[in-house]
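See structure below.
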Amino acid sequence: ANIADFTAPEARRITYVSLVPEDIIGKTQVDEAALRKMYADRIDEYQQPERRLVERLVYIDEAAALADKARLDAGTRLDDGVLFEMLVAERGLKLADVDLGDISEADLEAAGPAVFALTEPGVVGPFESELGPALFRMNGILAAQNISFEEARADLTAELAADTARRAIDDQISDFDDRLAGGETLEDLAKATDMTLGTIDMTPQSKEGIAAYPAFRKAADAVKEGDFPEIVALDEGGIFALRLDAVIPPTPIPFDQARDDVDAAWRRSTLTRALTERAIAIKSEVEGGASLGAFGIVDVTGDIPRSSKLENAPADLVTQIFTMSPGQIRVVDEGDYVALIRLDAVTAGSGTGQDAEALKSAIAAQAQQALGQDAFQLFTGALVNSAGITLNNAAITAVHTQFR
């Protein structure tokens, strides 16, 4: 009776071959010398001295810097005392403008020893910098890093092997293209090379396996029956080629496969129907004089404007409430949500005050924007008509399709 809810969408049956780095990493030989060179080239990542998170506020002269340092030292830094952030703002700057990031003692030059002597966040200076006298605030300590080659070997090996595998795949693309151009099928290519053969029924919901790659999904959407298979590169590394075997129309899912979903849907439908029937019965009793609170817990809202949203309720429930009259009772049945609503009172909105003026301004701005857009479209339309220009939208769409 609800077969549309249990029908698989149209699918494109695709046969493909793919080759990604993970497929051949186990066959890749990693050169020891290349590993050590890679470690040496990136030594700064593995061998780092102790560093500090530092901000630097530069002054025109040392006297101004000393004066602000005195203000800092005299402040409580908690209540109304001068904070470093205040000094930055007074100069018309933001904290991002004075942030040096994580930096070594040597990079700080004259300020280095004082900054690195701090064991907790604080401000030191003034000290000379390449831009002039400056105060330095230390915000955090980053411990020294000393990762040996042996400790980094596993990560380096995995990265180098993956890179080697990607290059090995790239080197074979021309050969694979030649094989396909020479008449080999995807099945032939899989037998003669490291490429893996597979099939998939592609739908817009397909995201597993090869369908997780955006390039594959795009190619699968575009391919037509009879198209010549071509090698396509994956952005993540690797290649594939595909063939459209058939377009499978929407097909009912066999009951045995859909049974659990059918069972769940039946239970939801039966429960919602029972709840709705119960709500209608309660509505009749309340309209006959019974107390609404006698039938369960009642949620009472305060005055709510049209823009409100009620938690765990349909998005348009407030809109429905604003169509009701005081004292009216309504059964709301939307999907899994069933409720009995009674409107107790309506409070007229105010046309004055800050909120009202803000709403008027927002409406006026929307109206002006809409009028402006209409005027622009009318103006450009008049220009096109007066110039005698016509656009062949069908031809434009065809060209765009060819580009894609």
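With salt bridges taken as basic N to acidic carboxylate O contacts below 4.0 Å, none links E10 and R12. Classification of E130 and R56 as a salt-bridged pair holds, one side-chain N sitting under 4.0 Å from a carboxylate O. At a threshold of 4.0 Å, the pair R167-D171 does not count as salt-bridged, since none of the basic side-chain nitrogens sits closer than that to a carboxylate oxygen. The pair D245-R13 fails the salt-bridge criterion, with no side-chain N (NZ, NE, NH1 or NH2) lying under 4.0 Å from an Asp/Glu carboxylate O.
Between F6 and A265, the shortest heavy-atom contact is CZ-CB, 4.0 Å. Nearest heavy atoms, P133 versus I60: CD-O, 4.3 Å. For the residue pair V58 and L131, the shortest heavy atom distance occurs at CG1-O, 3.3 Å. V318 and R306 get closest at one heavy-atom pair: CG1-O, 3.7 Å. Here the closest non-hydrogen pair linking S104 and R51 is CB-NH1, 3.9 Å.
Looking at residues two or more places apart in sequence or on another chain, you find no salt bridge (Lys or Arg N to Asp or Glu O under 4.0 Å) involving E128. Partners of D61 according to the side-chain hydrogen bond (donor to acceptor under 3.5 Å, both in side chains) rule, which considers only residues two or more places apart in sequence or in another chain, do not exist here.
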Inset, instruction - Decide yes or no on salt bridge (Lys or Arg N to Asp or Glu O under 4.0 Å) for R342 and D344, but give the supporting numbers first. - result: CA-CA 6 Å; R342 183 181 66 196; D344 294 329; 3.0 Å; yes
Legend entry - T185 and D188: CA distance, side-chain angles, deciding distance, side-chain hydrogen bond (donor to acceptor under 3.5 Å, both in side chains) verdict: CA-CA 5 Å; T185 64; D188 295 333; 3.1 Å; yes
Inset, instruction - Take Q320 and E334, measure what side-chain hydrogen bond (donor to acceptor under 3.5 Å, both in side chains) needs, and give me the verdict at the end. - result: CA-CA 12 Å; Q320 294 187 49; E334 292 194 24; 2.6 Å; yes
Legend entry - Pair D263-R267, salt bridge (Lys or Arg N to Asp or Glu O under 4.0 Å): steps then yes or no: CA-CA 6 Å; D263 180 78; R267 290 176 184 278; 2.9 Å; yes
Inset, instruction - Might you work through the salt bridge (Lys or Arg N to Asp or Glu O under 4.0 Å) test for K191 and E187, ending with a clear yes or no? - result: CA-CA 6 Å; K191 291 178 182 178; E187 289 79 3; over 6 Å; no
Inset, instruction - Just do the salt bridge (Lys or Arg N to Asp or Glu O under 4.0 Å) check on E85 and R137 with the steps written out, would you? - result: CA-CA 10 Å; E85 289 82 357; R137 180 166 75 167; 3.0 Å; yes
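With a 4.5 Å cut-off on side-chain heavy atoms, K37 and R42 do not count as touching. Put simply, the side chain of E159 does not reach to within 4.5 Å of the side chain of D163, judged on heavy atoms. Put simply, the side chain of V332 reaches to within 4.5 Å of the side chain of Y337, judged on heavy atoms. With contacts defined as side-chain heavy-atom distances shorter than 4.5 Å, the pair M138/F136 does not qualify.
For the atom pair I282 CD1 and L275 CG, the distance stands at 9.5 Å (nearest 0.5 Å). With values rounded to the nearest 0.5 angstrom, L340 atom CG is found 10.5 Å from R278 atom CZ. Taking CG of D170 as the reference point, atom CD1 of I239 lies at 8.0 Å (rounded to 0.5 Å). Separation of atoms CD1 (I341) and CG (L317) is listed at 5.0 Å; rounding is to 0.5 Å. In this structure, CG in L100 is found 9.5 Å from CG in D107, a value given to the nearest 0.5 Å. Atoms CG and OG, from L242 and S18 in turn, are 10.5 Å apart once rounded to the nearest 0.5 Å.
Residue R259 qualifies as open at atom CZ: its count of foreign heavy atoms under 6.0 Å is 12 or below. Within a 6.0 Å sphere centred on CD of E150, other residues, nucleotides and ligands contribute more than 12 heavy atoms. The neighbour count for D374 CG, taken as heavy atoms of other residues, nucleotides or ligands under 6.0 Å away, is above 12. Remark: F376 CZ is loosely packed, at most 12 non-hydrogen atoms of other residues, nucleotides or ligands lying under 6.0 Å away. The number of heavy atoms from other shown groups lying within 6.0 Å of CD (Q354) does not exceed 12. Within 6.0 Å of CD on E225 lie more than 12 heavy atoms contributed by other residues, nucleotides or ligands. No more than 12 heavy atoms of other residues, nucleotides or ligands lie within 6.0 Å of CZ in F379, so this atom counts as exposed by the packing criterion.
Inspection of the R330 and T323 side chains reveals an N or O donor paired with an N or O acceptor under 3.5 Å.
Ring geometry for F216 versus Y16: interplanar angle over 60°, hence perpendicular rather than tilted (30 to 60°).
The cationic atom of R91 (NZ for Lys, CZ for Arg) lies less than 6.0 Å from the six-membered ring centre of Y59 and within 45° of the ring axis.
Judged by distance alone, the side chain of T157 and the main-chain N or O of R153 form a donor-acceptor pair under 3.5 Å.
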